[in-house]
There are 2 protein chains.
Amino acid sequence: MSGATATPTRDPIPLRIRGCCQPVAPRIPGPDAEECAAVFRALGDTTRLQMIHMLAEATDPVCVCDFTAAFDLGQPTISHHLAKLREAGLIVSTRRGIWTFHQLNPEMSAAAREVVDLLH
Amino acid sequence: MSGATATPTRDPIPLRIRGCCQPVAPRIPGPDAEECAAVFRALGDTTRLQMIHMLAEATDPVCVCDFTAAFDLGQPTISHHLAKLREAGLIVSTRRGIWTFHQLNPEMSAAAREVVDLLH
DNA sequence: TCCTCACATCGATATATGTCGATCGGTCGC
DNA sequence: GCGACCGATCGACATATATCGATGTGAGGA
């Protein structure tokens with residue numbers, strides 16, 4: 001061996017040039033690393049994931065009471081999750097008389113759209 | 001109008017059959033709603049998102065010290081994030097002498113692979 | 001005008017998460 | 001064996017999050 005802190009030989013899995021601790025392109029190009037993470041964070045909850053799935057399957061906007069009926073959660077909690085999805089730019093809400101209807105945001109970012117489309 | 005608790009007329013945005021509160025297909029088919037959410041949760045952090053991006057760009061496994069050099073975080077924090085990605089099944093780690101190298105899990109679930117491929 | 005209904009917001013609480021410093025364990029070179 | 005190095009783990013801490021009950025708000029019906 002050539003040394004612990006220098007260049008180790010890595011026969012089966014060769015590394016880059018001089019082994020360990022090569023500088024690697026660190027950052028996601030573009031300004032949207034945090035924005036992209038926010039979309040994933042919004043989908044990182046089972047309830048919200050199923051909400052998005054319901055909206056992706058539905059052909060028409062979905063009422064809040066549909067969600068409260070579908071999930072065993074209180075109305076404030078449903079409202080909280082919908083607000084999270086709205087903040088992430090994944091859904092839009094429309095007030096119509098007494099009811100509020102929700103649908104996938106048609107102006108969703110392209111990156112978010114790609115992710116949501118995976119849940120078709 | 002026909003009534004608040006009965007069937008509202010919804011001219012521009014027609015809903016399903018009798019308006020609000022129709023039962024909607026609630027669940028993601030398959031057992032993997034929570035597993036899918038776990039993948040999104042793993043990607044819902046800027047540091048981990050960039051780690052996955054680095055691994056997706058790299059042609060060879062990446063050493064821990066590469067990550068500690070790329071991010072302004074302590075070594076225990078880097079180790080913590082790598083453990084999260086490992087628990088989510090997104091990466092695998094290989095011990096080689098002193099160093100531990102990480103790469104995208106070649107046996108990642110198909111759903112996870114689709115998401116990671118979006119970060120190419 | 002008053003009541004009801006649908007939904008949002010507030011306050012509280014328990015849990016999860018990101019980060020750090022300190023320490024431990026394993027793998028070398030000497 | 002000893003010491004150096006890499007990386008994982010532990011304990012602590014601050015913050016974020018998921019959830020609930022209670023309350024506020026706005027729209028409609030009676």
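All values reported here derive from a predicted model rather than from experimental measurement. Below, chains carry the letters A, B, ... as their sequence lines are ordered, and counting in each starts from 1.
No donor-acceptor contact under 3.5 angstrom links the side chains of A:Q75 and A:T68, judged on distance only.
What separates CD of B:E34 from P of C:dA16 is a distance of 12 Å, to the nearest Å. Whole-Å rounding puts the A:I91 CD1 to C:dA8 C1' distance at 13 Å. Taking atom CG of residue B:L49 and atom C1' of nucleotide C:dT17, one finds them 17 Å apart after rounding to whole Å. The interatomic distance linking B:L43 (CG) with C:dG18 (C1') rounds to 16 Å, in whole Å. Going from atom CZ of A:R96 over to atom C1' of C:dC7 covers 16 Å, rounded to whole Å. Regarding B:L73, its CG atom lies at a distance of 16 Å from the C1' atom of D:dA8, rounded to whole Å. One interatomic measurement links the two molecules: CZ of B:F67 to P of D:dG7, which rounds to 11 Å at whole-angstrom precision. The distance from atom CZ of A:F71 to atom P of D:dA18 is 14 Å, rounded to the nearest whole Å.
With distances taken from any side-chain atom of B:H102 to the nucleotides D:dA8, D:dA27, C:dT27, the minimum falls on D:dA8. Nearest to the side chain of A:C63, among C:dC7, C:dT17, D:dC6, sits C:dC7. Nearest nucleotide to the B:T100 side chain, out of C:dA6, D:dA8, D:dA18: D:dA8. With D:dA27, C:dT19, D:dA18 as the candidates, the nucleotide lying closest to the side chain of B:T47 is C:dT19. Ranking C:dC7, C:dG18, C:dC28 by closeness to the A:V64 side chain, first place goes to C:dC7.
Each of B:S93 and A:R41 has a nearest nucleotide on DNA chain D; the 5'-most of these lies closest to B:S93.
Ring planes of B:F101 and B:W99: tilted class, angle from 30 to 60°.
From B:R41, atom CZ reaches atom CG of A:D45 across 7.0 Å, with rounding to the nearest 0.5 Å. Atom OG of B:S93 is separated from atom CZ of B:R86 by 3.5 Å, given to the nearest 0.5 angstrom. Summarising the geometry, atom SG belonging to B:C65 is positioned 11.0 Å from atom CD1 belonging to B:I78; distances are rounded to the nearest 0.5 Å. Here the straight-line distance linking atom OG1 of A:T47 with atom CG of A:L73 works out to 5.0 Å at 0.5 Å rounding.
Checked by distance alone, A:Q75 brings a side-chain donor or acceptor within 3.5 Å of a matching partner on the base of C:dA8.
Under the rule for a side-chain hydrogen bond (donor to acceptor under 3.5 Å, both in side chains), the partners of B:H81 that lie at least two apart in sequence or sit in another chain are B:R48.
In this structure a side-chain-to-backbone donor-acceptor pair under 3.5 Å is present from B:N105 to B:G89.
Axis angle across the helix from C:dT1-D:dA30 to C:dC30-D:dG1, with five pairs used at each end and values rounded to 10°: 10°.
At a non-hydrogen distance threshold of 4.0 Å, B:P76, B:S79, B:R86 from residues 76-87 of chain B come into contact with DNA chain D.
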### Message
Run the side-chain contact (heavy atoms from CB on, under 4.5 Å) test on A:L43 and B:C36 for me, step by step, so that the C-alpha distance in whole Å, both residues' side-chain angles and the decisive distance to 0.1 Å come before the verdict.
### Response
CA-CA 9 Å; A:L43 296 174; B:C36 189; over 6 Å; no
### Stepwise side-chain contact (heavy atoms from CB on, under 4.5 Å) test for A:L55 and A:L90
CA-CA 10 Å; A:L55 292 173; A:L90 297 180; over 6 Å; no
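Under 4.0 angstrom from either OP1 or OP2 of C:dG18 there lies at least one side-chain N or O belonging to B:R48.
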